[in-house]
Structure formats: C-alpha cells, structure tokens
Visitor: 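Here it is: the structure, laid out below.
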Amino acid sequence: MYQFNFRPVFDNMDMLLQGAWLTVQLSLTAMVLGLIVSIVGAVAKTSRFVPLRWIVDVYVEVIRNTPFLIQIFFIFFGLPAIGFSMSPNTAALVALVINVGAYGTEIIRAGIESVPRGQIEAGRALALNPLQILRYVILKPALRNIYPSLTSQFIYLMLTSSVVSVISATDLAAAGADLSATTFASFEVYLVLTIMYFLLALAFSGLFGALRRVFFHYPASR
C-alpha cells in the first residue's frame, strides 16, 4: 500500500512559493499588457480603416487557431533563428501577452459593439472630442458589459501559464516538476500544486471582484 510522505514537499516549500510568486508576477504583467493590446486591437478592429481591420483579423485568427504550446515554441526557439533571442521568462511573458491579447480583442470588440449608437451621437452632440468619446462613452460601458468574460479569460491565462515551464521558465509548474524529479514524491508534489493553483485562481477571482466593486459599482443604465 502506498505510504504518503509530504515531508519532502514541506521541506522544499520555499521552492514552490518562489515558483508561485513568479506565476503571480507573470500573470499580472501579462494581464495588464494583454488588456492594453486587447483595447488597441478592438479599437482597430472597429475602425473604418479596412487594412487595419485586416491586420487585426489575421492576428486574432492566427492566435486563436494555433496551440499555445506551438506559439511559445515559435517565440522561444523560432525567433532566435532570425536574431530575436529572449530569456525563458521574457519569452513566456511575450507569448502570454500575444495570446491573451487576441482573445481579449474579440471580447472587447463585442463590448464596444454593444454600446448603443445613440450614446456615441450624444457624445458628439456634447462636443466631446474622439478621445473623450472613446474613453467615457464607449470603453467604460463596454468594459463594464464584458468584465465577467474578460476576467474569466485572465484567470484562464493564469492557469495556462503553467505551460511556460516547457521552455524552462521558473514558474510554479516548473518548480513542481523539479521537486518531483528530485524527491520522487510525484503524488504529493502534484497534489500540493493542484491546491496552490486552485488557491491562486480563488485569489484572482477575489481581486477581480474587488476591482469590479471599485470601478463598475454604478447602475448599468448609467
């Protein structure tokens, strides 16, 4: 009968916590940068400039129809062939931003298109400039409408970040793999990893809930 032994895991808990901290840093940075990419992409996709829309369409379709594993391999192993070398952690961040940016673009585009045309016309009637209309009339209501979908995508991003361990990025999954290989306590290590990822997902859900209460607490009709 299998004898459970969690001592090797608890003796090396600092190693897992360092990996978890990198996962948090990587995820938060990718979320912020990915949100910027998503907003720029969504605005470009809803613009009147057809070539701009085509460029964003190609970007979104390529990312959505290729595996994330291949994307990160292309960035880490493919780009050095044409002179763009990156450290594993930088390559992981770039891959995550590009990936979440494509999905976020479609989510925010749907939010922008959900804003009634009359509100935009009202903004023009109030002599708001295009930037003010984009910020106050379009983006704020749009982000409020699609906030749940966007935050779900961000939590999925945090869980997907475990894939970056394949290029030796030192995240939580990589720390767990190293610990499993050195202690041979695979069951205990991956059980603890499962619990840690679950707790991280709960923490991110709580963070997004708090941000929603701060920034989107007003009635939907406002």
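Only heavy atoms go into these numbers, but all of them, side chains included; no hydrogens, no water, no symmetry mates.
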Visitor: Strictly distance-based, threshold 3.5 Å: is any side-chain N or O of Arg53 a donor or acceptor partner for the main-chain N or O of Ser47?
Guide: yes
Visitor: Say whether, by atom type as modelled, one donor and one acceptor occur between the side chain of Ser27 and the main chain of Val24 under 3.5 angstrom.
Guide: no
Visitor: Which heavy atom of Met196 sits nearest a heavy atom of Leu16, and at what distance?
Guide: CE-O, 3.9 Å
Visitor: Measuring from Ser152:OG to Leu157:CG, what's the distance to the nearest 0.5 Å?
Guide: 12.5 Å
Visitor: Using a 3.5 Å distance criterion without hydrogens, assess whether the side chain of Asn99 forms a donor-acceptor pair with backbone atoms of Ala95.
Guide: no
Visitor: Would you kindly confirm whether Val214 and Leu139 end up in one hydrophobic cluster when ILVMFWY residues are joined by side chain heavy atoms under 4.5 Å apart?
Guide: yes
Visitor: Might you point out which heavy atoms bring Tyr147 and Phe208 nearest each other, and give the distance in Å?
Guide: OH-O, 2.6 Å
Visitor: Tell me, yes or no, whether the heavy-atom count around Tyr156 atom OH, taken from other residues, nucleotides or ligands under 6.0 Å, exceeds 12.
Guide: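 No, because the 6.0 Å sphere around OH of Tyr156 holds 12 heavy atoms or fewer from other groups.
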Visitor: What are the two closest non-hydrogen atoms of Leu179 and Pro8, and how far apart are they?
Guide: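 That would be CD1-O, 4.3 Å.
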Visitor: Nearest 0.5 Å please: distance from the CD1 atom of Ile75 over to the OG1 atom of Thr90.
Guide: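 If we round to the nearest 0.5 Å, Ile75:CD1 and Thr90:OG1 are 11.5 Å apart.
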Visitor: If we ignore hydrogens and angles and just use 3.5 Å, is the side chain of Tyr59 paired with the main-chain N or O of Ile98 as donor and acceptor?
Guide: yes
Visitor: Please give me the minimum heavy-atom distance between Leu96 and Ala30, naming the atom from each residue.
Guide: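 Scanning both residues completely, I find the closest heavy atoms to be CB-CB, 3.8 Å.
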Visitor: So, the side chain of Tyr197 versus the backbone of Leu159: is there a donor-acceptor pair under 3.5 Å, distance only?
Guide: no
Visitor: Assess whether a salt bridge exists between Glu106 and Lys45, defined as any Lys/Arg side-chain N lying under 4.0 Å from an Asp/Glu carboxylate O.
Guide: yes
Visitor: Check whether any side-chain heavy atom of Val100 lies under 4.5 Å from a side-chain heavy atom of Thr160, and answer yes or no.
Guide: no
Visitor: Are Phe4 and Met13 co-members of a hydrophobic cluster defined by side-chain heavy atoms under 4.5 Å apart?
Guide: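 Yes, Met13 connects to Phe4 through the hydrophobic network.
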Visitor: Count I, L, V, M, F, W, Y as connected when their side-chain heavy atoms are under 4.5 Å apart, and connections chain through other members. Are Ile112 and Leu52 then in the same cluster?
Guide: no
Visitor: When hydrophobic residues are tied together by side-chain contacts of less than 4.5 Å, even through go-betweens, does Ile70 share a cluster with Val163?
Guide: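 In one cluster with Ile70: Val163, no.
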Visitor: Count the heavy atoms of every other residue, nucleotide or ligand shown that sit under 6.0 Å from CZ of Phe6, and state whether that count exceeds 12.
Guide: yes
Visitor: Do the non-hydrogen side-chain atoms of Leu22 and Leu172 ever get within less than 4.5 Å of each other?
Guide: no
Visitor: Can you see which heavy atom on Leu69 is nearest to which on Ile72, and at what distance?
Guide: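 Nearest pair, atom of Leu69 first, then Ile72: O-CG2, 3.1 Å.
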Visitor: Within the side chain of Glu188, is there an N or O that forms a donor-acceptor pair under 3.5 Å with the backbone of Asn5?
Guide: yes
Visitor: For the residue pair Val60 and Ile63, establish whether any side-chain heavy-atom pair is separated by less than 4.5 Å.
Guide: no
Visitor: State the OG-CZ distance between Ser85 and Phe77, to the nearest 0.5 angstrom.
Guide: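 Between atom OG of Ser85 and atom CZ of Phe77 there are 11.5 Å.
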Visitor: Would you say Thr29's side chain and Leu26's backbone share a donor-acceptor pair under 3.5 angstrom?
Guide: no
Visitor: Is there a chain of hydrophobic side chains (I, L, V, M, F, W, Y, each step under 4.5 Å between heavy atoms) that links Ile36 to Ile55?
Guide: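 In one cluster with Ile36: Ile55, no.
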Visitor: Flag the pair Phe204 / Leu28 as yes when at least one side-chain heavy-atom distance between them is below 4.5 Å, and no otherwise.
Guide: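 When only atoms from C-beta onward are counted, Leu28 and Phe204 do touch, with a gap below 4.5 Å.
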Visitor: With rounding to the nearest 0.5 Å, note down the distance linking OG1 in Thr151 to CD1 in Ile146.
Guide: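 Rounded to the nearest 0.5 Å, the OG1-CD1 separation comes to 9.0 Å.
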Visitor: Please answer whether the main-chain N or O of Ala177 pairs with a side-chain N or O of Ser180 as donor and acceptor at a distance below 3.5 Å.
Guide: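 Flag not set: sc Ser180 to bb Ala177 has no pair under 3.5 Å.
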Visitor: Identify the heavy atoms of Arg212 and Pro148 that sit nearest to each other, and give their distance.
Guide: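 Looks like NH1-CG, 3.7 Å.
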Visitor: Has Gln71 got a side-chain atom pairing as donor or acceptor with Thr66's backbone, closer than 3.5 angstrom?
Guide: yes
